[in-house]
Every structure is written in C-alpha cells, then in structure tokens.
Trainee: 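The following block contains the structure, expressed as structure tokens.
All chains are named by letter (A, B, ...) in the order of the sequence lines, taking the proteins before the strands, and each is independently numbered beginning at 1.
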Protein chains: 2
Amino acid sequence: MSGEARPLRADAQRNRTRVLEAAEAVLARDGLSASMRAIAQKAGVGLGTIYRHFPTQEDLYRAIVTDRTRRLAEEAHTLSAAEDPGAAFFAFFTRIVVNAARNKPMADILVGSGVDPKAAMAEGAPDMRSAIETLLVNAQKAGAVRQDLRMPELLALLAGACLVAERNQWSDELRDRALGILFDGLRPNH
Amino acid sequence: MSGEARPLRADAQRNRTRVLEAAEAVLARDGLSASMRAIAQKAGVGLGTIYRHFPTQEDLYRAIVTDRTRRLAEEAHTLSAAEDPGAAFFAFFTRIVVNAARNKPMADILVGSGVDPKAAMAEGAPDMRSAIETLLVNAQKAGAVRQDLRMPELLALLAGACLVAERNQWSDELRDRALGILFDGLRPNH
DNA sequence: GAACATACGGAACAGTTGTTCCGGATGTCA
DNA sequence: TGACATCCGGAACAACTGTTCCGTATGTTC
C-alpha cells in the first residue's frame, strides 16, 4: 500500500551502505553478540544514524543475514543446474560450511527456529531449506546419497559442521578431513 | 604450602553446596551466559554468599565444569575396561553428546582452547582428551574405527555434535539418526 | 550464655548493552 | 543563495552485567 518512497538523500544513501558493510564485517567477527556501538565505530558513523536506517538491532542483522541466505540459495540453484546431482549436493554442503566460518550467524540460522529467538532471524531461511531439499532429493535419485537420509538429520549435521567452523579457525586441511568423514557417512552402501 | 584449612562453618558448608547445585541447574539451562543473580536466586542465597565461596564467576563455572569433565573421563576409563573397544568408543561418543544436551557448556570445552577465553575453562579437559584418545586408539586396533581418523577431526566432529545437541532439544530418535550417520563415516571400509 | 571469628544479604558501584531524543549540520530544490 | 525537509552525531536513559563492601546475623567455643 505504501507508494514509491522518495529516493534517499545522497549522504543518507552513502551512510546506509557504510553501516551495512561495517555490520557485515563486525558480525562476521563477533557473531550475534556484536554491539551496535562497535558497528557504528567501524562505519565511522553515529549511533543515531544506524537507528535511523534500521529501527532495531534485529532489523539490521536480519537485513544482512537475509541477504547472505538468499545469495546462498541462488548458488544452490546454480549448482543443481550445472553439476551432477551428487557433486552439487556435496559442493553446496561444503560451501555453506566455508561460508559459516566467515559469517558467524550462519549456523544459528540452520539450527532452525528452535528456542532461540534470534535463530528465526532470516526471511530467506525457508528458501535455503527448500534449496537444500532439492539438492538432497536429486542426489538421492542419482544414488550419490543414502536413501534413508532425511532433512532433519541432514540439517542437524550441517548445523553442527557450521557451528564448529564458526568457532574454530580451521585450517583448510582439517576442514576437509572432517567433512570427508562426514560425507562418507552420508553416502550409500555400507 | 597452605596447611589444613579449618572446616567451614555449618551454614557455610550448606550454602556452598546450594550454590553449586543451583549453578549446575542454571548453567544447564542458560549455558555460559547464565548470570550470577540468577544463580543466587535459584540457590535462595545473597550475591555476597556466592562471591565468598567463589571469588569470580569463572571460578564458580570452572568448579562445575571441571567436575563434569572429570566424571566423564572416569566413565571413559570404565567403558574402555568393560566393553569391547569399538562399542566403548561409540558409546562414549554418544554419552558425551547426551551429556552436552543437558549441560550447555560441555561443547565449548571440546572446541578446545581456541580464541574464546571461556573455552579453556576446564582443568579436566586434558584428562578427557587423553581418555578419548585411548578409546580411539583401541577402537582402531580392533578395526572398529577407520585407521585414518585422527584426534583433531574427531574432536571437531564431536564438538559439532555437542553444539547442535545443546541448542536443539533433539528427540532421542533424531539424535540417534544423526549420530548413526556420523558413526558410519567413522567406521572403516568404504 | 558471653564473646568472637565467620558468614550472610543486598545495596551500591562501574561497566556493558540497546534504544531514544534533539540541537545542529547538510543536502536539495526553487 | 536562501529556505526547508532531511539526516547526523552523540549525550542521556533504562536495563542489564560482574563485583565490592559493610552492617548485621549466625554458628562456634569456652
């Protein structure tokens, strides 16, 4: 119902993207416990400026997380079109974990809309969920993933991998070793 | 060097265990973000009383976490004596995860003495680490666990499982499904 | 039961946090 | 350039946090 919003003033536009960038950096570093003051400082901006653009901390965080999530969901679609189903599935799993290592809040989204109020933060979450589900189903049809694997346990394992990744600074090698073992468990034929 | 400390006054002794019990309960519920006030209230005790017994929040938390850790390490020894190596290994893995679901800080210990200052909290951590290592080596000798599995990735996978367990209230069924898949990855012969 | 060390409770302090508010600066448009 | 809506900065507020302090109460000892 709200018509076309008049374009932002130039400085407002500039500050908005500054805040977004700073928030992304600080969130990546501190996770969901990042403070508004830290973001304001990083952005070289006053506190009021942040609140002018994002009425609430949650609004700001959601803007970022939703964006990340959507981008990942797109990647999933690209992958499932380009590669063979098995490779696409495992590649995307890895992609999410790598992403989580650099974006602390990622894992919290995946644990799902559990008890934690901050967990149900991303509007893009359902998109990503369905993207994952598509990859899973296709990989199973192709025989690259065990038939008895279902979404709940897949998400649980994915979330676990992300949670570890966001806490430790894994070497690439360790990450690959751990994921390799996990992937062996996901494959059929034991 | 400090000689025998005179026994605590009766009420002091009573309050000390009250605090410990309350802290355990609150820590299990709120994790490492539990507040001293919450613990004091749960214990039916003043704030000063807590600080008399535990000079610092970290001291209190460490007392509990260290105790838990030691008990788990003992369990590991018992298991490795009683059961066959493979069963002992997987049983203990499961045991830790179940424990983590009820004791929020557990997982944070396992991620190791990383960046997080609160992670290096438990003095019993090395004990548990070596307990796990023993179980692993024995299970490998018995051929129940793949030979190329080493401690770093094992701890990573274990930590991941614990982190998920402490966040979601898993049904027992989901937990078993997820662990089942993970265990398949840990076994030899693919 | 008196005397004394010990321990208790909770107000008070210092540091966070998210959020609000408003005087003053700044971009925009005639 | 002038006039005005828009936007900015950061002090101030309220609600938290861990921690300190001290008047009071309580257990212990003779």
Trainee: Need to verify one output field. Residue with the more 5' nearest nucleotide on DNA chain D, B:T56 or A:R37?
Mentor: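 Whichever sits nearer the 5' end wins; that is A:R37.
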Trainee: In terms of the nearest nucleotide of DNA chain D, which residue is placed more toward the 5' end: B:R14 or A:L47?
Mentor: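 Looking at DNA chain D, the more 5' nearest nucleotide goes with A:L47.
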Trainee: Can you measure B:M36 atom CE to D:dC16 atom P for me and round it to whole angstrom units?
Mentor: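 Going from B:M36 (CE) to D:dC16 (P), I get 18 Å.
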Trainee: How close or far is atom P of C:dC29 from atom CG of A:D11, stated in whole angstroms?
Mentor: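 For the pair A:D11 CG and C:dC29 P, the rounded distance is 12 Å.
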Trainee: Just do the side-chain contact (heavy atoms from CB on, under 4.5 Å) check on A:D176 and A:E173 with the steps written out, would you?
Mentor: CA-CA 5 Å; A:D176 290 342; A:E173 194 210 334; 5.9 Å; no
Trainee: Considering every strand and a 4.0 Å limit on heavy-atom distances, what is the contact class for A:A34: base, sugar-phosphate, or nothing?
Mentor: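 It contacts sugar-phosphate atoms only.
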Trainee: Do the ring planes of B:F90 and B:F183 sit parallel (below 30°), tilted (30 to 60°) or perpendicular (above 60°)?
Mentor: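 Ring orientation of B:F90 relative to B:F183: tilted.
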Trainee: Heavy-atom distance under 4.5 Å between the side chains of B:Y51 and B:L60, does that happen here?
Mentor: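 Side-chain contact under 4.5 Å: no.
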Trainee: Counting heavy atoms from C-beta on, name the nucleotide in C:dA7, D:dC8, C:dG18 closest to the side chain of A:H53.
Mentor: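 For A:H53, the side-chain atoms sit closest to D:dC8.
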Trainee: OP1 or OP2 of D:dC7 less than 4.0 angstrom from a side-chain nitrogen or oxygen of A:N15, does that happen here?
Mentor: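 Checking A:N15 against D:dC7: no side-chain N or O falls below 4.0 Å of OP1 or OP2.
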Trainee: Figure out the CG/C1' separation between A:L32 and C:dT17, and round it to whole Å.
Mentor: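 Those two atoms, CG and C1', are 15 Å apart.
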Trainee: How close or far is atom C1' of C:dC4 from atom CZ of B:R9, stated in whole angstroms?
Mentor: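 Taking CZ of B:R9 and C1' of C:dC4, I get 11 Å after rounding.
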Trainee: I need the CG-C1' distance between B:D30 and D:dC16, as an integer number of Å.
Mentor: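 Whole-Å distance recorded here is 14 Å.
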Trainee: Answer yes or no: is there an ion pair linking B:D148 with A:R177, defined by an N-O contact shorter than 4.0 Å?
Mentor: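 Salt bridge: no.
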Trainee: By nearest heavy atom, map A:S35 and A:G48 onto DNA chain C; which one lands nearer the 5' end?
Mentor: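 So the residue in question is A:S35.
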Trainee: Ignoring hydrogens and angles, tell me if any N or O in the side chain of A:Q140 forms a donor-acceptor pair with the backbone of A:L135 under 3.5 Å.
Mentor: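 No.
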Trainee: Under 4.0 Å between a side-chain N or O of B:T49 and OP1 or OP2 of C:dA7?
Mentor: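 No, no such contact exists.
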Trainee: Between C:dT6 atom C1' and B:Y51 atom OH, what is the distance in whole Å?
Mentor: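 After rounding, the reported distance stands at 21 Å.
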Trainee: Within this structure, what is the CZ-to-P distance between A:R16 and C:dT26, rounded to whole angstrom?
Mentor: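 Atom-to-atom, A:R16 to C:dT26, this comes out as 23 Å.
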Trainee: In whole angstrom, give the distance that lies between atom CD1 of A:I50 and atom P of C:dT17.
Mentor: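 From A:I50 CD1 to C:dT17 P: 13 Å.
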